[in-house]
There are 2 protein chains.
Amino acid sequence: MIGIKDIAKECNVAVSTVSRALNNSTGISQKTKEYILRVCEEKGYQPNSVARSLILNETNMIGLVVPDITNQYYAFISKGVSAYLEKRGYGLLLCNSDRNKANELMYSTFLTSKRVDGAIVIPISSDKDDYKSFIKTNTPLVFVDNYIADLDVSFITNDNYSGTRKIIQHMIRLGYKRIGVILGDKNSSASNDRFRGYTDVLKNSGIDRDDSIVFNSMATFADGVKYAKFLIEKSVDAIFAINDTVAMGVLKYCHENSVEIPRDLGLAGYDDIEQAGMLHIPLTTVHQRKFALGEKAAEVLINEIKNPYTVKQKIILQPKLIVRKSCGE
Amino acid sequence: MIGIKDIAKECNVAVSTVSRALNNSTGISQKTKEYILRVCEEKGYQPNSVARSLILNETNMIGLVVPDITNQYYAFISKGVSAYLEKRGYGLLLCNSDRNKANELMYSTFLTSKRVDGAIVIPISSDKDDYKSFIKTNTPLVFVDNYIADLDVSFITNDNYSGTRKIIQHMIRLGYKRIGVILGDKNSSASNDRFRGYTDVLKNSGIDRDDSIVFNSMATFADGVKYAKFLIEKSVDAIFAINDTVAMGVLKYCHENSVEIPRDLGLAGYDDIEQAGMLHIPLTTVHQRKFALGEKAAEVLINEIKNPYTVKQKIILQPKLIVRKSCGE
DNA sequence: GTGAAAGCGCTAACAG
DNA sequence: CTGTTAGCGCTTTCAC
């Protein structure tokens, strides 16, 4: 592989001159610069960014730790991150934690060893202690999506509370009075925030919350099928599912048991996955700004890299109600 | 950030001794080695892999160029790549080409500049000339999924021809005689291979292919809806869709026009996306080994990195027929 | 078994 | 405007 020395020899100049040409620094004549650049082009010279990184003490790479890249939600965030980084000339080191704490930890030391300029992490836990190792690396950091209290680190998320308020208000406006809900895990901040939204809207609408029609689940398709049965037996007039996959489970149960949606039962999901609008009963749901979330996270991170002593940001993106068929009009 | 020199000073040894301890090289006493390692632990020393890379001339990173990380198919491949690399101690530099040739090209120079030890690329084009820049970097390379003729590079894919054969044979066995097909783009090798499979099975079954019930499309949900109409008007008794998303479009059209599946029309998809089994009519489809494909690609690549003069491999993974409801039993 | 020193490919003073 | 040189943090010869 050809290096700066070879170019220098070829051009009969010193390596520093070549370096100046390459980095369009000042203090070099236009003429020699053009000449050197042309030779670089001809020889197909590619600067060795490892060597540059060593001396400049910056790698122009940022790490991204995601729970599961095959999850559409995280994939879109990653794409947003990637798009922004690409514009700014940064590379993306992808770390798939596989929803595993030990992996997260391992990637934390891996990323510091790789000397990334910063990292974006979508944590799987909400426990501050699980992220001590990240914090003490002193690498600029942005947390996304899952809120961890008492951390002096920038944080960006979609507003689960307000998104849920919007959709529950919509349902109540349509006349539903007994809305069953299938939540996710009790430890998920997203699930809890959504439950708060549900609770508050009910209260404001003068409806008493009935905890016998509120279930926690693992938020899978199978859970949707399972709790649809429970809830329908408790004669709810609508179901709010924690996400679209769970809503698909409800839809499935209803199809097989001749419960017609939305005539017999209103149904709402959350996330607006790609397939939500493609179902035989298109889902009314909440659209989250996933791509924008990733872009924003990258933007905040790069900003903190360039301006180390800036204050940490907490950004909450507003989701959007998507009205389709599953709740009626 | 603390370096090897600091450790050396702390331990009253030379840097070379610390290096020996860290890399468990020979020529160091067990005692000093343990001592040094303990001090490294205490001080939280993290080796600077940039410096290591410079001298060892290897980065322990590999590049992955994907058309679109939000596509489930590519996401699963990426996860497979990531899982294998993690085991082998390599990092993954993710490049989202966004189905754009210029981006692919840009990432090619980016990756060589980053001095990755190898790259896996899922190309968007089948044109050899579009990948010249990758080839001439001399970086070990593995191509995935989209076949490019006349390239002396390792290649791994799922067998689209045989996958389609399996599903069309299944349909014919069930008694379907007039199977309409909604293909993808005319330039997609996957679409063309699937069409070959369709054609050959028809021929072997003594059925004449009727080109008036074969359509090329952009392979979207909307195309599924659109061509379902065309095909049903031509009184097909079944439809083979190029992928599950298109099949969902067909399903949608049928639901709205009271065509009952599978009673009135058989339907088959391809890919086995996550949602295929969650629909109100679960899709009969072809499952591709996406994760395994990624793992295998990474394995082949690492092997070529470690053994430079090994012969290039061409690997074709066998997909699996998934029988659900949409074609009947 | 250990230390001194060269050098990986580049950038950035400093000198001319 | 250009060249000489030190050195980024590490590995690896080569002496001792």
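In the text below, chain A, chain B and the rest are named by the order of the sequence lines, each starting its count at 1. Heavy atoms only: backbone and side chains are in, while hydrogens, waters and symmetry mates are out.
Residues meeting the side chain to side chain contact (heavy atoms under 4.5 Å, CB included) test with A/Lys132, sequence neighbours left out: A/Asp129.
Using modelled atom types and a 3.5 Å distance limit, the side chains of B/Arg52 and B/Asn57 yield no donor-acceptor pair. Inspection of the A/Ser19 and A/Ser16 side chains reveals no N or O donor paired with an N or O acceptor under 3.5 Å. There is no side-chain donor-acceptor pair under 3.5 Å between A/Ser125 and A/Asp127.
B/Val50 comes within 4.0 angstrom of nothing in the nucleic acid, heavy atoms only. Nucleic acid contact for B/Ile28: sugar-phosphate only, since backbone atoms but no base atoms lie under 4.0 Å from a heavy atom of the residue. Across all strands, B/Thr32 comes closer than 4.0 Å only to sugar-phosphate atoms, never to a base (heavy-atom distances). Across all strands shown, B/Asp6 has no heavy atoms under 4.0 Å from either base or sugar-phosphate atoms.
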Protein and nucleotides 10-14 of chain D: nitrogen or oxygen contacts under 3.5 angstrom:
unit_1, atom_1, unit_2, atom_2, d
D/dC10, OP1, B/Tyr45, OH, 2.6
D/dC10, OP1, B/Asn48, N, 3.2
D/dC10, OP2, B/Ile4, N, 2.5
D/dT11, OP1, B/Asn23, OD1, 3.3
D/dT11, OP1, B/Asn23, ND2, 3.2
D/dT11, OP1, B/Arg52, NE, 2.7
D/dT11, OP2, B/Ser19, OG, 2.8

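With respect to A/Tyr84, the side chain to side chain donor-acceptor pair (under 3.5 Å) criterion is satisfied by exactly one of A/Glu86, A/Lys87, A/Arg88: A/Arg88.
Rounded to an integer number of Å, the gap from CG of B/Asn12 to P of C/dT2 is 13 Å. Rounded to an integer number of Å, the gap from A/Asn57 CG to D/dG9 P is 7 Å. If you take CG of A/Asn60 and P of C/dT11, they are 12 Å apart, rounded to a whole angstrom. Here D/dT2 presents its C1' atom at 13 Å from NZ of A/Lys31, a figure rounded to the nearest Å. Taking atom CG on B/Asn24 and atom P on C/dG1, their separation rounds to 14 Å, with Å as the unit.
Of the possible donor and acceptor atoms, one in the side chain of B/Asp6 sits under 3.5 Å from a partner among the backbone N and O of B/Gly3. For B/Asn307 (side chain) and B/Thr310 (main-chain N/O), no donor-acceptor pair under 3.5 Å exists by modelled atom type.
Distance from the side chain of A/Val13 is smallest to D/dG3 among D/dG3, C/dG1, D/dG9. Checked against C/dG1, D/dT2, D/dT4, the side chain of A/Ala14 finds its nearest nucleotide in D/dT4.
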